[in-house]
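Before any comments, here is the structure.
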Amino acid sequence: MVEMNQELEQEQEDEILNDEVGMDESEEESFADLLEAYEQSGPDVSRGEVVQGTILQVTSDSVMVDIGYKSEGLISVDEFKDENGEVTVKTGDVVDVLVEGTETESGLLSLSKEKADRKKIWNSLEEGAVVDGKIVSRIKGGLSVDIGVNAFLPGSQVDLRPVRNLDKLVGDTFSFKIIKLNKRRGNIVLSRRVLLEEERESKRADTLQFLEEGKIMEGVVKNLTDYGAFIDLGGIDGLLHITDMSWGRVNHPSDILNVGDAINVKILKFDTEKERVSLGLKQVTPDPWLEVEEKYPVGEKVKGKVVSL
């Protein structure tokens, strides 16, 4: 009888022990499941991907960003400063960031706002598109232009005519057309000349409708030579010969004209087939020889200046 009671007590203890062991294993399994769920929580991000994040904190040297992943990321505050050095974001702002890598040794994500901005710009670019850019430096063969990313402007594509001093254009902002684009190599080639040619052709078509001999038009001095000046009438260049610049003596066109001057000229001759235009500047004013007899009557004494020997 005593032996039976002892066996019964032993069985009860074994059952209790088995129950306790079973609870521990169950708890361990539950904890493992929770841990795995936490590890897999948040978006599945990969290196090079652009995602949205919320700014959690802004300090003097860094910005903490939450992208919904299991850990946050830190970005240098310099990536959020404008040209004046002012921080342009605050806590709660939503920004696009690029994932450079998963957790670092500090347990944080490696993120970048600048690289995200550049990638978005790259994705928006396409060959033939017109973009605005600022010329930032002179480089071999042309100029470097900032259009959000670095691009190359060949010297031959700067203007309609060759530009001798490219350095003077550094800091200027223009519109450009993308003539070559290689996203894989990160190469962009721009042209300003193409846009100027298109604009010139549009003006030329309008000018041809109003161009006729005897008409007075406004033009801009485009270039000076020893024998005259080329005047831009709006897409069409006309030649103003030195003999048609003044009723008086002109030694050189630069004596009375400068490149960029806006002047009124008269259409002396227009060859419609060859589209050649001859211009006159003196013809815009009355011919002084028509009044010479009144101004200088025979027998009157006058003063004069020696102009040549």
Report, as yes or no, whether the 6.0 Å neighbourhood of atom NZ on Lys115 holds more than 12 heavy atoms from other residues, nucleotides or ligands. no

Matching residue for Ser191 among Gln157, Glu197, Lys177 - test: side-chain hydrogen bond (donor to acceptor under 3.5 Å, both in side chains): Gln157

If you group Ile, Leu, Val, Met, Phe, Trp and Tyr by side-chain heavy-atom gaps below 4.5 Å, do Val58 and Val97 land in one group? yes

Chi angles and distances behind the side-chain contact (heavy atoms from CB on, under 4.5 Å) call for Leu239, Val277: CA-CA 6 Å; Leu239 175 61; Val277 185; over 6 Å; no

Neighbour count >12 (heavy atoms, 6.0 Å) for atom CD, Glu300: yes

In one Ile/Leu/Val/Met/Phe/Trp/Tyr side-chain cluster, 4.5 Å: Ile121, Ile188: yes

Donor-acceptor pair, side chain of Gln57 and main chain of Met64, under 3.5 angstrom: no

Which atom names give the shortest non-hydrogen contact between His241 and Thr243, and what distance separates them? ND1-OG1, 3.0 Å

For the residue pair Ser175 and Asp132, confirm or rule out a side-chain donor-acceptor distance under 3.5 Å. yes

Look at the side-chain heavy atoms of Ile, Leu, Val, Met, Phe, Trp and Tyr, link any pair under 4.5 Å apart, and say whether Val170 and Phe176 land in one connected group. yes

In the structure I gave you, are the side-chain heavy atoms of Ile267 and Met217 within less than 4.5 Å of one another anywhere? yes

Asp226 versus His252: any side-chain heavy-atom pair under 4.5 Å? yes

Find out whether Val221 and Phe230 are in side-chain contact, i.e. whether some heavy atom of one side chain is under 4.5 Å from a heavy atom of the other. no

Does any part of the side chain of Leu111, heavy atoms only, come nearer than 4.5 Å to the side chain of Glu100, both counted from C-beta? no

Positive for side-chain contact (heavy atoms from CB on, under 4.5 Å) with Leu190, one of Leu143, Val130, Leu153, Leu195: Leu153

Kindly compute the distance separating CG (Asp93) from OG1 (Thr54), expressed to the nearest 0.5 Å. 9.0 Å

Once you round to the nearest 0.5 Å, how far does CG of Asp146 lie from OG of Ser137? 10.0 Å

Using a 4.5 Å cut-off on heavy atoms from C-beta on, say whether the side chain of Val158 contacts that of Leu166. yes

Would Leu240 and Leu257 satisfy side-chain contact (heavy atoms from CB on, under 4.5 Å), going step by step from the backbone distance to the final call? CA-CA 11 Å; Leu240 173 60; Leu257 295 176; 4.0 Å; yes

Mind checking whether Glu72 and Leu109 have side chains closer than 4.5 Å, heavy atoms only? no

Using a strict threshold of under 4.0 Å (side-chain N to carboxylate O), is an ion pair present between Arg193 and Asp159? no

Considering only NZ, NE, NH1 and NH2 on the basic side and carboxylate oxygens on the acidic side, decide whether Glu212 and Lys215 come within less than 4.0 Å. no

Minimum heavy-atom separation for Ile135 and Leu169, please, with both atom names. CB-O, 3.7 Å

Could you check if a side-chain atom of Ile55 sits within less than 4.5 angstrom of a side-chain atom of Val95, using non-hydrogen atoms only? yes

Checking the side chain of Asp271 only, and the main-chain atoms of Lys274 only, is there a donor and an acceptor separated by less than 3.5 Å? yes

Report the C-alpha distance between Ile263 and Glu218 in whole Å, list the side-chain angles of each, state the deciding distance to 0.1 Å, and finish with yes or no for side-chain contact (heavy atoms from CB on, under 4.5 Å). CA-CA 6 Å; Ile263 59 175; Glu218 184 180 52; over 6 Å; no

Cation-pi check, Arg192 to Phe174: give yes when NZ or CZ is under 6.0 Å from the six-membered ring centre and within 45° of the ring axis, no otherwise. yes

Taking the six-membered ring of Trp122 (Phe, Tyr or Trp), confirm whether the NZ or CZ of Lys183 is under 6.0 Å from its centre and within 45° of its axis. no

For a salt bridge (Lys or Arg N to Asp or Glu O under 4.0 Å) check, start with the C-alpha distance between Lys120 and Asp96, then their side-chain angles and the critical distance, and finish with the verdict. CA-CA 9 Å; Lys120 287 192 296 181; Asp96 290 328; 3.0 Å; yes

Quick one: closest heavy-atom pair of Pro253 and Gly228, and the distance? CG-O, 3.5 Å

For residues Leu56 and Asp66, report the shortest heavy-atom separation together with the two atoms involved. CD1-CB, 3.6 Å

Decide whether Phe152 and Val131 are clustered together by the hydrophobic rule: side chain heavy atoms of Ile, Leu, Val, Met, Phe, Trp, Tyr closer than 4.5 Å, transitively. no

About how many Å separate CG of Leu279 and CG of Leu233, when rounded to the nearest 0.5 Å? 5.5 Å

Can you tell me if Lys81 has over 12 outside heavy atoms packed within less than 6.0 Å of its NZ? yes

Heavy-atom side-chain proximity of Glu213 to Lys266 below 4.5 angstrom: no

Would you confirm whether Ser202, through its side chain, and Glu199, through its main-chain N or O, come within 3.5 Å as a donor-acceptor pair? no

CG/Asn150 to CZ/Arg118 distance, rounded to the nearest 0.5 angstrom? 9.0 Å

Would you say Lys134 has more than 12 foreign heavy atoms packed within less than 6.0 Å of its NZ? no

Are Asp237 and Lys222 within salt-bridge range, i.e. N to O under 4.0 Å? yes

Rounded to the nearest 0.5 Å, how far does CG of Leu196 lie from CG of Leu160? 4.5 Å

Linking I/L/V/M/F/W/Y whenever their side-chain heavy atoms sit closer than 4.5 Å, directly or via other members, would Leu125 and Val194 fall into one cluster? no

Whether Asn84 side chain and Glu86 backbone form a donor-acceptor pair below 3.5 Å: no

For Leu98 and Ala116, which heavy atoms make the closest approach, and how far apart are they? N-CB, 3.5 Å

Report yes or no: does Ser62 contribute a side-chain atom to a donor-acceptor pair with the main-chain N or O of Val77 at less than 3.5 Å? no

Residues Asp232 and Gly234: closest non-hydrogen pair is OD1-N, 2.8 Å

Between Val302 and Tyr296, is the side-chain contact (heavy atoms from CB on, under 4.5 Å) condition met? List the steps. CA-CA 8 Å; Val302 296; Tyr296 303 106; 4.0 Å; yes

Thinking salt bridges, do Asp206 and Lys203 make one under a 4.0 Å N-O criterion? no

Rounded to the nearest 0.5 Å, the CD1 atom of Ile236 sits from the CG atom of Leu211 at a distance of 5.5 Å

